[in-house]
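What follows is a set of notes on a single structure, which appears directly below.
For ligands, and for the atoms within them, numbers begin at 1 and follow the listed sequence.
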Amino acid sequence: MPDPALMLHAAYNTGMLLNSENATASRLRNVDMHCHSTVSDGVLAPAAVAARAKANGVALWALTDHDELSGIPEARAAAAALDLPYVPGVEISVTWAGQTVHIVGLQIDETSAELAGGLQATRSGRERRAREMSAQLAAAGIPGAYEGALKFVGNPDLIGRTHFARYIMELGICPDVNSVFKRYLIEGKPGFVPHRWATLGEAVRWIKAAGGVAVVAHPGRYKFGPLAHQEFFEAFKDLGGTAIEVLTGSHTVDQYAVYANLAKQYGFEVSQGSDFHGPGESRLDLGTLPTCPEGLVPVWRDW
Ligand code: AMP
Ligand code: MN
Ligand code: MN
Ligand code: MN
């Protein structure tokens, strides 16, 4: 005998929605709602990201630069010119239980003073962190990394680890960006400088204040123990978080199933995106995700 509470939960999750033709169409759309431009740590300008999304067959697109809204007007205008349905977005850096977690905000109003002010505060400190990273990298035998990273920075407010990784790769020390992270830039490695980002509560509050929905980005990347894992998703839900990413360039195929189940278990809607940063650098190109699994509620179903 199935547990009636669970049945209710499942009914809430899928509603009539996913039985309808509209729901299937919505699930099958080529949706890419997570990627980056030169406004944060991507290599293409917002309009060039829009053009690449369109060329790759994306049918609904959001640019989600880290902690920054200034690419949105260009992204929106480029998408309109390409007849590409567009969703304004952002990816907010959060510190939760000592770990960095990313929260994507979708359908945000970029003129929201609360969101803009919160992100400005989140960005501040990147410059000092970058100089500390540079000093530590110099001590580890890589001098001039701050100046080197700057060559890859499109937005001086948004200097980050990816820019350092591109510079160190250019030096020929590592074959790709990912191995630079592993050798120099992740916790415990010589170039890592701990940093306090926004709180989870702040990020969700700013997104909601801007009329948006909050989404846990690439949940499979966080190294939570089982207790913290549950605590994190419960906290996110209690704060008014809506969705988690299931299909993302940061997940393995096995993780697609794990997080599809987690979405059902907690009653989260789902989002998806390539997390594209640049040609040849990201694991997935724009618009190349598989189909959203059945039985999930796409956060984009009405968009
Ligand atoms: P930051 O906000 O400066 O700490 O940089 C975070 C960014 O670094 C992420 O958004 C990714 O683009 C990139 N990143 C983090 N870890 C890795 C990794 N292991 N390999 C490649 N890129 C990574
Ligand atoms: Mn990034
Ligand atoms: Mn991220
Ligand atoms: Mn991202």
Taking only heavy atoms of [X], which atoms of ligand 1 are found under 4.0 Å from at least one of them?
X: Gly160; answer: 3 (O)
X: Arg221; answer: 15 (C)
X: Arg129; answer: 1 (P), 3 (O), 4 (O)

Legend entry - Carboxylate-amine/guanidinium proximity below 4.0 Å for Asp285 and Arg52: yes
Inset, instruction - Determine, for Asp67 against Arg126, whether the closest basic-nitrogen to carboxylate-oxygen distance falls under 4.0 angstrom. - result: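 Answer for the salt bridge query: yes.
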Legend entry - Check: Trp303 ring centre within less than 6.0 Å of Tyr86 ring centre: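 No, the ring centres sit 6.0 Å or more apart.
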Legend entry - Sub-6.0 Å ring centroid separation between His229 and Phe233: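 His229 vs Phe233: aromatic centres under 6.0 Å.
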Inset, instruction - Kindly confirm or rule out an N or O of Asn178 lying under 3.5 angstrom from an N or O of ligand 1. - result: yes
Legend entry - Arg161 N/O to ligand 1 N/O under 3.5 Å: yes
Using a heavy-atom cut-off of under 4.0 Å, does the side chain or the backbone of [X] touch ligand 1, or both, or neither?
X: His66; value: side chain
X: Ile186; value: neither
X: His277; value: side chain

Inset, instruction - May I ask you to identify the nearest protein heavy atom to atom 2 (O) of ligand 1, giving residue, atom name and distance to one decimal place in Å? - result: Arg126 NH2, 3.0 Å
Inset, instruction - Considering only non-hydrogen protein atoms, determine which one is nearest to atom 21 (C) of ligand 1 and report residue, atom name and distance to 0.1 Å. - result: Phe181 CD1, 3.4 Å
Inset, instruction - Among His218, His34, Gln272, find the residue that satisfies the side-chain hydrogen bond (donor to acceptor under 3.5 Å, both in side chains) test when tested with Glu245. - result: His34
Inset, instruction - Using a 4.5 Å cut-off on heavy atoms from C-beta on, say whether the side chain of Val43 contacts that of Thr38. - result: no
Legend entry - Cationic tip of Arg131 above Tyr146 ring, under 6.0 Å, 45° of axis: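 Judged by the rule, Arg131 and Tyr146 form a cation-pi pair.
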Inset, instruction - Compute both the distance and the angle, then confirm whether Lys237 meets the cation-pi test with Phe268: under 6.0 Å from the six-membered ring centre, within 45 degrees of the axis. - result: yes
Legend entry - Minimum-distance pair of heavy atoms, taken over all atoms of His251 and Val246: ND1-O, 2.8 Å
Legend entry - the Mn ion (ligand 4) - name of the N/O/S atom of Glu91 that sits closest to it: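 Nearest N/O/S atom of Glu91: OE1.
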Legend entry - For the Mn ion (ligand 4): the N/O/S atom of Asp275 at shortest distance: OD1
Inset, instruction - Scan Thr64, Ile72, Leu69, Val104 and name whichever one has a side-chain contact (heavy atoms from CB on, under 4.5 Å) with Val90. - result: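 The passing option is Leu69.
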Legend entry - Closest Asp41 atom to the Mn ion (ligand 2) [N, O or S only]: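 Going by distance to the Mn ion (ligand 2), the closest N, O or S atom in Asp41 is OD2.
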Legend entry - His66 atom NE2 and His277 atom NE2 as seen from the Mn ion (ligand 2), angle to 10 degrees: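 Result: 120°, to 10°.
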Legend entry - Angle in degrees, rounded to 10°, that NE2 of His36 and NE2 of His34 form at the Mn ion (ligand 4): 110°
